[in-house]
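What follows is a single structure, written as structure tokens, with notes after it.
Note: hydrogens, waters and symmetry copies are ignored here, and every other heavy atom, side chains too, is used. By convention in this document, chain letters (A, B, ...) are assigned in the order of the sequence lines, proteins followed by strands, and residues within each chain are numbered from 1.
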There are 2 protein chains.
Amino acid sequence: MNKKNNVSIKDVAKASGVSITTVSRIINNTGRFSKVTQKKVIQTINDLGYEQNKLAVSLRSNKSNTVGIMVPDITNEFYSAIVKKCEQLLFSNGYSSIICNTERSSEREAAYSQVLMEHRVDGLIIISSAIDDSKVIKTTTIPTVYIDRDPHSHNELIVSSDHYTGGEIATKFILNHQLNPFLIMTKTKTSSTMERVRAFKDVLKEHQITDIESRILSLDLTSDKFLETVPSLDSYLQKIVSLKKPAGIFGINDNVAYMIIRAAQRLNINVPKTISVIGFDGNSFSEISAPKITTIVQNTTKLAQESCRLLLQQMTTQDKDVSPAIIKVPVQLVIKESTVH
Amino acid sequence: MNKKNNVSIKDVAKASGVSITTVSRIINNTGRFSKVTQKKVIQTINDLGYEQNKLAVSLRSNKSNTVGIMVPDITNEFYSAIVKKCEQLLFSNGYSSIICNTERSSEREAAYSQVLMEHRVDGLIIISSAIDDSKVIKTTTIPTVYIDRDPHSHNELIVSSDHYTGGEIATKFILNHQLNPFLIMTKTKTSSTMERVRAFKDVLKEHQITDIESRILSLDLTSDKFLETVPSLDSYLQKIVSLKKPAGIFGINDNVAYMIIRAAQRLNINVPKTISVIGFDGNSFSEISAPKITTIVQNTTKLAQESCRLLLQQMTTQDKDVSPAIIKVPVQLVIKESTVH
DNA sequence: ATGAAAGCGCTAACAG
DNA sequence: CTGTTAGCGCTTTCAT
């Protein structure tokens with residue numbers, strides 16, 4: 001029972017009384033065989049339960065039909081949605097995916113990187129790497145696409161949501177509704193969130209608003225505690241309410257937006273009448289929350305599609321006419337219940 | 001750039017003036033070489049940037065150091081938690097994981113199964129398969145562990161939470177608090193939920209409660225709509241409230257429990273004063289909800305650990321002293337805010 | 001302590 | 001239309 005199916009092409013050849021080559025041709029349908037031998041061989045393949053050994057094919061062809069996907073945390077809804085879609089797309093193109101959960105640790109990334117190279121993966125999708133000037137990955141020269149990577153490095157293929165435009169949309173929404181604009185963010189600075197913040201500031205500047213820094217609250221949270229009460233948040237909200245002007249708070253992501261709403265409810269502040277809240281991401285928090293959260297939705301499907309398209313293109317092109325690029329995937333404002341209408 | 005690292009053991013041998021065999025021995029540290037040659041060879045390995053080709057090793061040794069993980073939906077929190085942990089454990093034991101998102105479709109399972117066999121995976125973890133009397137998997141004879149599989153099949157290794165005991169605990173909790181017991185479930189009958197229901201019924205019987213069937217509401221939901229208003233739920237809750245006795249509702253899982261709480265809030269029914277709600281799973285719904293949901297928590301870490309332990313054991317044992325078994329992983333009642341104290 | 005050679009399963013010239 | 005042969009990169013006898 002504990003044994004692998006070890007029928008080889010040789011066995012098939014012998015059993016059907018033809019040469020190995022002929023069997024190979026029939027398996028790969030590369031022509032140069034007669035209908036009758038084909039039938040005969042296919043018959044014995046079924047009889048013997050032969051299964052092609054991709055390991056041997058890969059070794060011979062120097063192509064593993066395997067890609068590595070590095071992801072910080074697969075239990076994170078945003079990442080898992082991307083991974084799922086990528087895996088799907090790659091599979092339908094004949095590739096199997098090796099998933100690597102890096103936890104944003106450089107050591108783990110390095111270890112995985114090593115293993116993936118040894119397995120001779122044909123390509124790599126790296127989601128939101130911890131590595132900046134990564135020697136680890138840099139030395140490898142296989143086709144690679146980054147998702148949500150800080151583009152300070154040069155000739156790479158990077159796919160990410162258009163965080164800046166998303167930030168603009170959110171901020172303009174607030175301003176267009178005559179709301180007093182605020183931004184609440186977390187201390188962890190990833191390139192994606194910083195883009196959103198930059199947009200917020202830019203739009204405010206355009207509207208001649210000067211006290212920008214005082215309109216930004218930066219929360220110190222670890223991912224575990226984001227649901228807990230944060231005193232600084234409470235007092236900040238109370239300050240905002242005391243201004244007696246309906247406020248529009250841009251939560252840097254849906255989790256933060258959710259937190260703001262919960263805090264407001266605790267403090268008996270009406271959402272959306274007294275404060276409107278707008279999030280970013282479009283994850284299940286925006287859906288689960290009561291009221292549901294108006295948010296800037298990232299298109300995970302599109303992110304995956306673009307990434308896979310670029311990767312497949314690279315993997316199938318021997319010549320290097322695949323020039324480095326940064327692809328911005330559009331985001332979308334979805335209005336729900338947490339903002340004034 | 002688009003080329004793989006193609007330094008082979010042969011190149012290393014040539015460059016360091018020894019035989020291939022010696023290099024192999026040094027790489028695998030199988031002895032029979034001198035300190036000096038070792039040093040020399042390791043030096044050239046580094047110089048040339050040699051990386052062992054696992055494809056060739058696998059072909060030669062008939063062992064791929066790769067396992068397949070079949071999962072219905074990786075964006076599902078419960079599954080992704082298990083997958084993450086499994087991947088971790090397997091990686092630290094030298095195995096790479098190929099993730100297969102089956103969507104519970106038999107066709108996809110079959111397709112994946114085929115590919116995994118071709119890749120000569122050393123083992124398989126199958127989470128909650130769609131397949132019952134699967135020929136697909138059955139024909140394969142590689143080490144396999146099932147998670148949450150209906151155990152109507154015989155000589156298999158199955159790991160699952162102790163759903164029955166969990167159901168008992170929940171129901172007894174309700175009864176012990178003198179609450180009027182009800183169960184709200186979904187129409188989709190998986191073996192795990194049916195165990196919970198069975199426990200509910202058994203405990204009620206033990207307590208001489210006769211009108212059991214009328215105490216069970218079966219909701220017809222697809223996964224997309226579970227957050228929507230369900231009229232039948234509303235009227236059922238109102239009926240329960242009209243009985244003027246504090247009720248204890250066992251939601252078949254946290255999503256259902258969450259739905260119940262939302263519905264209650266809509267109907268101005270106090271949770272937990274008028275109705276207590278207890279869920280099952282321990283996913284983020286139980287944490288996000290206000291009030292937080294008292295629930296029976298499944299131990300995903302343990303589920304993963306047991307599965308990997310069994311799989312690794314099978315993979316490393318040539319002799320078949322690994323007898324089929326059904327491992328029940330204990331669940332735990334975690335009391336939060338949705339039940340009377 | 002080291003090496004030559006066979007072979008894992010397969011594909012691809014090349015030769016009929 | 002079919003077969004012979006070499007070789008992908010590696011491990012493993014079997015010699016020396």
Side-chain angles (χ1 to χ4, degrees), chain A residues 3-42 44-45 48-66 94 115 117-122, chain B residues 3-42 44-45 48-66 94 114-122:
Chain A
K3 209 59 206 75
K4 295 189 192 179
N5 173 5
N6 276 324
V7 186
S8 82
I9 196 171
K10 206 167 160 183
D11 302 320
V12 176
K14 200 170 294 172
S16 42
V18 297
S19 77
I20 294 177
T21 312
T22 303
V23 177
S24 172
R25 285 191 186 117
I26 290 168
I27 292 167
N28 300 295
N29 201 25
T30 45
R32 309 212 286 174
F33 50 81
S34 70
K35 277 277 175 228
V36 285
T37 39
Q38 181 185 35
K39 195 168 174 184
K40 190 170 56 184
V41 168
I42 288 180
T44 43
I45 284 179
L48 270 52
Y50 166 77
E51 269 166 346
Q52 193 185 40
N53 187 331
K54 290 289 189 213
L55 256 26
V57 177
S58 298
L59 178 59
R60 183 61 228 252
S61 61
N62 199 26
K63 184 163 183 331
S64 64
N65 281 297
T66 292
V115 170
M117 289 307 105
E118 291 179 348
H119 278 306
R120 294 297 192 266
V121 293
D122 295 330
Chain B
K3 212 54 208 78
K4 296 191 192 178
N5 173 5
N6 275 325
V7 186
S8 81
I9 196 172
K10 205 167 161 183
D11 302 320
V12 176
K14 201 169 295 173
S16 43
V18 296
S19 78
I20 295 177
T21 314
T22 303
V23 177
S24 172
R25 285 192 185 116
I26 289 168
I27 292 167
N28 300 295
N29 200 26
T30 46
R32 308 212 287 171
F33 50 81
S34 69
K35 277 276 177 229
V36 284
T37 38
Q38 180 184 37
K39 195 168 174 182
K40 189 170 55 184
V41 168
I42 288 179
T44 41
I45 284 179
L48 270 51
Y50 167 78
E51 268 166 347
Q52 193 184 40
N53 187 331
K54 289 291 190 213
L55 256 26
V57 176
S58 298
L59 178 59
R60 183 61 227 252
S61 61
N62 199 27
K63 184 161 184 330
S64 64
N65 281 297
T66 291
Q114 170 77 14
V115 170
L116 292 177
M117 289 308 104
E118 290 179 349
H119 277 306
R120 294 298 192 268
V121 293
D122 295 330

NE2 of His119(A) versus P of dC10(D): gap in Å, rounded?
14 Å

Rounded to whole Å, please give me the gap between NZ in Lys40(A) and P in dC1(D).
14 Å

If only atom types and distance count, is the side chain of Ser64(A) paired as donor or acceptor with the main-chain N or O of Arg120(A) below 3.5 Å?
yes

dG9(D) C1' sits how many Å from Glu118(A) CD, rounded?
13 Å

Kindly point out which of dA15(D), dA5(C), dC10(C) is positioned nearest to the side chain of Arg32(B)?
dA15(D)

Consider the side chain of Ser19(B), meaning its heavy atoms from C-beta on, and name the nucleotide among dG3(D), dT2(C), dG9(C) that approaches it most closely.
dT2(C)

Just checking Ile20(A): base, sugar-phosphate only, or nothing, at a heavy-atom cut-off of under 4.0 Å?
base

Counting any heavy atom closer than 4.0 Å, what does Thr30(A) reach on the DNA or RNA strands: base, sugar-phosphate only, or nothing?
nothing

Is it true that a side-chain atom of Thr30(B) and a backbone atom of Asn28(B) form a donor plus acceptor pair closer than 3.5 Å?
no

Please determine, for the side chain of Ser34(A), which listed nucleotide (dA4(C), dC1(D), dG9(C)) has the closest atom?
dC1(D)

Whole Å only: how far is the CG atom of Asn62(B) from the P atom of dG7(C)?
17 Å

When you measure from the side chain of Asn53(A), which nucleotide among dT2(C), dA5(C), dC10(C) comes out closest?
dC10(C)

Between Glu118(A) and Val57(B), is any pair of side-chain heavy atoms under 4.5 Å apart?
no

Can you measure Leu55(B) atom CG to dC8(D) atom C1' for me and round it to whole angstrom units?
10 Å

Send over the distance from Arg25(B) CZ to dG9(D) P, rounded to a whole Å.
21 Å

Report the distance from atom NZ of Lys14(B) to atom P of dT2(C), rounded to the nearest whole Å.
20 Å

Among the candidates dC1(D), dG9(C), dG9(D), find the nucleotide nearest to the side-chain atoms of Ala56(A).
dG9(C)

Among dT2(C), dT5(D), dC10(C), which is the nearest nucleotide to the side chain of Thr21(A)?
dT5(D)

I want to verify a distance call: between dG9(C), dT4(D), dC10(D), whose nearest atom is closest to the Val57(B) side chain?
dC10(D)

For Ser58(B) and Leu55(A) the tightest heavy-atom approach is CB-CD2, 3.6 Å

Counting only side-chain heavy atoms from C-beta out, which of dC10(D), dC10(C), dG3(D) sits nearest to Gln52(B)?
dC10(D)

At under 4.0 Å between heavy atoms, what does Thr37(B) touch on the DNA or RNA strands: base, sugar-phosphate, or nothing?
sugar-phosphate

Given dC10(C), is OP1 or OP2 found less than 4.0 Å from the side-chain N or O atoms of Ser24(A)?
no

Distance, rounded to the nearest Å, where Ile45(A) contributes CD1 and dC10(C) contributes C1'
13 Å

Quick check for you: to the nearest 0.5 Å, what is the distance between Lys54(A) atom NZ and Thr66(A) atom OG1?
10.0 Å

